[in-house]
Colleague: 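Here it is, the structure, as structure tokens.
All values below come from the heavy atoms of this structure, side chains included, with hydrogens, waters and symmetry mates left out. Numbering of ligands and ligand atoms starts at 1, following listing order.
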Amino acid sequence: EKGGHEYFMLKEIEEQPEALANTLRGHFVNGRIVLDEQRMSDQDLRDVDKVFVIACGSSYHAGLVAKYAIEHWCRLPVEVELASEFRYRDPVLDRDTLVVAISQSGETADTLEAVRHAREQKARVLAICNTNGAQIPRESDAVLYTHAGPEIGVASTKAFLAQIVANYLVGLALAQARGTKYPDEVAREFAELEAMPEAVSRVLTTVERVRALGRELADSKAVLFLGRHVGFPVALEGALKLKELAYMHAEGFAAGELKHGPIALIEEGLPVVVVMPSPKDNPVVHTKLVSNISEIQARGARTIVIASENDDIVRPFADHLIEIPAVPTLLQPLVSTVPLQVLAAEIARSRGYDVDKPRNLAKSVTVE
Ligand code: BG6
């Protein structure tokens, strides 16, 4: 049942191209993005003047990616909040606020209570959920089901990638409603998304190499993860995976913050994973990251660089280079996350831990 794999998580990592294709299916009809179970009017969608994204754990990291896409495509302010913090700090909500609630299970108590609070304040709620008919979608004004299929591994993989794709669809639906993108631009973006399952399949060809690297890193005391722009949430997710699965101290940082504190942690041999954007698509951020890597390399860190194919600029700074397909920066989390999932799983396995059932964690947490 693990499809010949030692653990479910690896099977689910390999199912990601299919999960993404399933999430996209049926959401672009007659040239328009369509949501599931839309119980709010198109006018309500047009009137949205502010977006909150609320979620927990990996779903929260998917939400951080949504901010970059929605602000860029829709010219709407987006705040991303941990669901457990949201309702205890009196957020400013009204009927023109859209709250996007992301939950794989659709049953997480923190997220559900945040949804209820938002609706009491008359905000509209759009749920991104992997479980048909769960409580959060039932209490929402619109839904986008991710169709990643059931996820057995407690640590999210294919559901996480599917949530990111769903966020892009929400961004395009809002851009379409608000007219910040012409129909042909929406169609072009959707076509870019449709190319992503294939791009993820290509990343999967690196799995065995990344597993070998994981075995080399299994005795590390700590690992740091750095990224900028959408690479920052990817760094946070890479660190979370390592904590959850390998019980190893791991932290993700925005690379620009390095000099404001974390650089003090760098010591000889410390593994530091750096998520690079494509130099062609985002040369400005790329240049900044190269200078960050050179700073940590000069202090003796062991650099593990996730970079686009043919990125010759970063090559000299990488002690280990993991190549991913060159894709538009906004969509890059779909490919750059994959090696980090494999790395965490393999480090955990090498340390003798149960990758599918990490200690103290539950797949769905129904208490606040
Ligand atoms: C945690 C899980 O308890 O809940 C995480 O261990 C998950 O993997 C988080 O990301 C949120 O769950 P959900 O179902 O609301 O996406």
Colleague: Could you tell me which non-hydrogen atom of Ser364 sits nearest to which non-hydrogen atom of Glu107, and how far apart they are?
Modeller: OG-CB, 4.1 Å

Colleague: Determine whether the side chain, the backbone, both or neither of Ala362 has a heavy atom under 4.0 Å from any heavy atom of ligand 1.
Modeller: backbone

Colleague: Would you say that more than 12 heavy atoms from the other residues, nucleotides or ligands in this model lie under 6.0 Å from the NZ of Lys259, or not?
Modeller: yes

Colleague: Which value, rounded to the nearest 0.5 Å, describes the distance between Leu144 atom CG and Ile128 atom CD1?
Modeller: 6.0 Å

Colleague: Judging by distance only, is a nitrogen or oxygen of Lys363 under 3.5 angstrom from one on ligand 1?
Modeller: no

Colleague: Would you kindly check if the NZ (Lys) or CZ (Arg) of Arg359 is within the cone defined by 45 degrees around the ring axis of Tyr247 and under 6.0 Å from the six-membered ring centre?
Modeller: yes

Colleague: Side chains of Asn282 and Arg228: donor-acceptor distance under 3.5 Å anywhere?
Modeller: no

Colleague: Near Ser59, which atoms of ligand 1 are under 4.0 Å from a heavy atom of that residue?
Modeller: 10 (O), 13 (P), 16 (O)

Colleague: Identify the two heavy atoms, one from Thr111 and one from Ile102, that lie closest to each other, and give their separation to 0.1 Å.
Modeller: CG2-O, 4.2 Å

Colleague: Can you tell me the protein heavy atom closest to atom 5 (C) of ligand 1 and the distance?
Modeller: Glu244 OE2, 4.3 Å

Colleague: Between Ser103 and ligand 1, does any nitrogen or oxygen pair lie at a separation below 3.5 Å?
Modeller: yes

Colleague: Quick one: nearest non-hydrogen protein atom to atom 8 (O) of ligand 1, plus distance?
Modeller: Val154 O, 3.4 Å

Colleague: If a pair satisfies salt bridge (charged side-chain N to carboxylate O under 4.0 Å, His left out) and one of its residues is in residues 32-41, list it, with sequence neighbours excluded.
Modeller: Glu37-Arg39

Colleague: Phe86 vs His117 aromatic rings, parallel, tilted or perpendicular, using cut-offs 30° and 60°?
Modeller: perpendicular

Colleague: Where is the nearest protein heavy atom to atom 12 (O) of ligand 1: which residue, which atom, and how far?
Modeller: Thr108 OG1, 3.5 Å

Colleague: For ligand 1, find out whether one of its N or O atoms is nearer than 3.5 Å to an N or O atom of Leu361.
Modeller: no

Colleague: Where is the nearest protein heavy atom to atom 11 (C) of ligand 1: which residue, which atom, and how far?
Modeller: Cys56 O, 3.4 Å

Colleague: Tell me which protein heavy atom sits closest to atom 10 (O) of ligand 1, plus the residue, atom name and distance to 0.1 Å.
Modeller: Ser58 N, 3.1 Å

Colleague: I need the nearest protein heavy-atom contact for atom 3 (O) of ligand 1: residue, atom name and distance, please.
Modeller: Val365 CG2, 3.2 Å

